[in-house]
Amino acid sequence: MSETMKAAQITHYKQDFPKITDVPLPKIGPKDVLVSVIAASINPIDLKTKDGGLKILLTYDMPLILGSDFSGIIIEVGASVTRFSIGDAVYGRVQKNRIGTFAEKLAVSQEDIALKPTNLTFEEAASIPLVGLTSYQALHDVMKIKPGEKVLIQAGSGGIGTIAIQLAKKMGAFVATTTSQKNTELVSSLGADLVIDYKTEQFENILSDYDYVFDTQGGEILEKAFSIIKPGGKVVSISGLPNAKFAKEYHLPLWKKIALTVATRKLTTLEKKTDSHYHFLFMIPSGQQLETLREFIEAGDVLPVIDRVIPLSDIKEAFDYSQSGHAKWKIILKIN
Ligand SMILES: NC(=O)c1ccc[n+]([C@@H]2O[C@H](COP(=O)([O-])OP(=O)(O)OC[C@H]3O[C@@H](n4cnc5c(N)ncnc54)[C@H](OP(=O)(O)O)[C@@H]3O)[C@@H](O)[C@H]2O)c1
């Protein structure tokens, strides 16, 4: 086996785009497996990580190989690995302090992976972990959606939205979503009950009395969500600011807790005014939940949705496209 591998890495924050470099092979711990990565997906978090945009929550040593989720084949197992064997086809989302899936080989804990859904290609499987887990945790763990409840999913045509619509429908919700006109048909085909063209219509003028909003946009769009939420409802954001409650749960230092309390004053006021709850979600990797998603996928309840497959060597093109903010569905990097 070659002692080095190709990987897409940065040497400093705000680098234009990651460079393909020869780096040493990763070493596995006793509970890790070594995966020959076949595909990985690009997520907005990769751009934010590259630009140091998550420093309040995560800091990294340089050089840094980017990439959060992947699919591939196990080629080595650690001494204490019990759940997987060499040759298993798997998919996963690595822990945030162990990112680096834009590489030919990856060391990952057995706790953070699951067997790849048998009905998906490796490219399709790589599209699922990050957006699937985030959507599942928002809709199932935080909102605990029950049949008949109403949820607005912002940006239904994005990587998150496409999976979130399907999961919310599986849970029996009435789903409203925002997208632009060119993607209306697409989000309807995924099950959205009500589609709002965000370029010509204002969702806050159309919707009211919603049980939940799944916010993927932050800023003013997040603030407007409170005008459609019913008392006792939940606004769950993955793009807004973390609040003091999150800072406490995430064990952030006191100064960060104070800074976030100040920064989210407006959201706290809106929560009180509307008698609703604001929740910032920072997704947690989970092999167990990937098992659940695998069952949904194999049952045909959730379909992968891919926009483009781009070779690792063209990583700049992949980053530029993701940065445009108008990718529909997922962008996949083909690695091996
Ligand atoms: N906190 C966490 O754990 C976590 C986890 C995952 C993702 N995130 C964050 O969630 C956000 C969404 O991620 P993603 O993967 O879904 O992004 P994405 O795939 O890049 O989203 C692109 C989509 O957003 C749509 N869009 C853009 N502006 C919009 C608007 N104002 N209203 C409605 N739709 C709009 C675009 O549709 P058009 O082309 O029609 O404009 C496009 O289809 C990112 O900021 C990401 O960092 C956070």
Side-chain angles (χ1 to χ4, degrees), residues 41-51 53-54 56-58 66-69 93-96 99 126-139 141-142 152-167 176-188 190 192 194-204 206-207 213-225 235-243 246 249-250 278-286 289 304-308 318-332:
S41 84
I42 300 251
N43 291 281
I45 195 170
D46 303 317
L47 283 89
K48 292 178 186 171
T49 303
K50 174 179 84 59
D51 292 336
L54 297 170
I56 192 144
L57 301 178
L58 294 168
L66 296 177
S68 298
D69 56 5
R93 195 294 186 214
V94 292
Q95 291 291 329
K96 290 163 189 165
I99 63 170
S127 74
I128 299 287
L130 191 143
V131 294
L133 289 171
T134 308
S135 302
Y136 185 77
Q137 289 170 16
L139 304 168
D141 298 353
V142 182
L152 166 64
I153 295 172
Q154 293 283 15
S157 51
I160 293 284
T162 45
I163 296 296
I165 291 171
Q166 297 180 75
L167 284 175
T177 194
T178 54
T179 187
S180 62
Q181 204 261 330
K182 65 181 187 295
N183 293 319
T184 301
E185 211 170 298
L186 185 125
V187 295
S188 297
L190 294 172
L194 178 59
V195 184
I196 297 168
D197 175 356
Y198 76 91
K199 294 201 168 157
T200 57
E201 298 169 309
Q202 307 286 319
F203 72 88
E204 66 275 19
I206 299 171
L207 309 178
V213 176
F214 185 14
D215 172 71
T216 57
Q217 302 298 307
E220 274 181 27
I221 296 178
L222 165 60
E223 288 167 13
K224 287 177 186 167
V235 176
V236 180
S237 182
I238 53 172
S239 287
L241 284 171
N243 57 1
F246 174 86
E249 284 165 7
Y250 204 69
Y278 173 64
H279 187 104
F280 174 78
L281 173 73
F282 202 34
M283 183 272 279
I284 299 165
S286 164
Q289 289 188 341
V305 272
I306 292 181
D307 183 342
R308 291 181 190 184
F319 267 62
D320 284 347
Y321 187 45
S322 178
Q323 193 123 39
S324 76
H326 296 292
K328 49 179 187 188
W329 310 359
K330 295 291 301 174
I331 308 163
I332 302 299

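We count ligands from 1, going down the list as the structure has it; atoms in each ligand are counted the same way.
Both the backbone and the side chain of Ile160 come within contact range of ligand 1, each with a heavy atom under 4.0 Å. With a 4.0 Å heavy-atom cut-off, ligand 1 is reached by the side chain of Lys48 but not by its N, CA, C or O. Contacts between Tyr198 and ligand 1 below 4.0 angstrom, taking non-hydrogen atoms only, involve the side chain exclusively. Only the side chain of Lys182 comes within 4.0 Å of ligand 1, judged by heavy-atom distances. Only side-chain heavy atoms of Asn183 come within less than 4.0 Å of ligand 1; its backbone N, CA, C and O stay farther off.
Residue Ile221 approaches ligand 1 through these ligand atoms, each under 4.0 Å from one of its heavy atoms: 31 (N). Near Pro44, with a cut-off below 4.0 Å to any heavy atom, the atoms of ligand 1 are 13 (O), 14 (P), 15 (O), 17 (O), 20 (O), 44 (C), 46 (C), 47 (O). Set against the non-hydrogen atoms of Leu281, the atoms of ligand 1 under 4.0 Å away are 1 (N), 2 (C), 3 (O). Interface atoms of ligand 1 facing Thr179, defined by a heavy-atom separation under 4.0 Å, are 40 (O).
In this structure, the side chain of Thr49 engages the main chain of Ile45 through a donor-acceptor pair within 3.5 Å. Although no hydrogens or angles enter the test, the distance criterion places no donor-acceptor pair under 3.5 Å between the side chain of Ser239 and the main chain of Gly218. For Asp51 (side chain) and Gly53 (main-chain N/O), no donor-acceptor pair under 3.5 Å exists by modelled atom type. The main-chain N or O of Gly132 is never found under 3.5 Å from a side-chain atom of Ser135 such that the two would form a donor-acceptor pair. Between the Ser180 side chain and the Lys199 main chain, no donor and acceptor come within less than 3.5 Å of each other. With hydrogens and angles ignored, the 3.5 Å screen pairs no side-chain donor or acceptor of Asp307 with any backbone N or O of Lys330. Of the possible polar contacts, one joining the Asp46 side chain to the Asn43 backbone as a donor-acceptor pair under 3.5 Å is found. In this structure, Thr184 contributes its side chain and Gln181 its backbone to a donor-acceptor pair below 3.5 Å.
Protein heavy atom at the shortest distance from atom 7 (C) of ligand 1 is Ile238 CD1, 3.7 Å. When only non-hydrogen protein atoms are considered, atom 6 (C) of ligand 1 lies nearest to Leu130 CD2, 3.4 Å. Regarding atom 40 (O) of ligand 1, its nearest protein heavy-atom neighbour is Ser180 OG, 2.3 Å. Protein heavy atom nearest atom 36 (C) of ligand 1, with residue, atom name and distance: Gly325 O, 3.5 Å. Protein heavy atom nearest atom 42 (C) of ligand 1, with residue, atom name and distance: Ala327 O, 3.1 Å. Residue, atom and distance of the protein heavy atom nearest to atom 19 (O) of ligand 1 are Gly159 N, 2.8 Å. From the protein, the heavy atom lying nearest to atom 3 (O) of ligand 1 is Met283 N, 2.9 Å.
Gln154 and Thr216 form no side-chain donor-acceptor contact under 3.5 Å, judged by distance and modelled atom types alone.
Look at Gln217 and you'll find a heavy atom under 4.0 Å from some atom of ligand 1.
Annotation: Tyr250 is in aromatic contact with Phe282 [ring centroid separation under 6.0 Å].
Considering all non-hydrogen atoms of both residues, Ile165 and Ala192 come closest at CG2-N, 3.6 Å. Nearest approach of Leu167 to Tyr136, heavy atoms of both residues: CD1-N, 3.7 Å.
The closest non-hydrogen atom to atom 21 (O) of ligand 1, taken over Ser324, Gly158, Ser322, comes from Gly158. In this structure, of Ser157, Gly218, Ser239, the residue bringing a heavy atom nearest to atom 11 (C) of ligand 1 is Ser239. Among Ala155, Gly156, Gly161, the residue whose heavy atom lies closest to atom 24 (O) of ligand 1 is Ala155.
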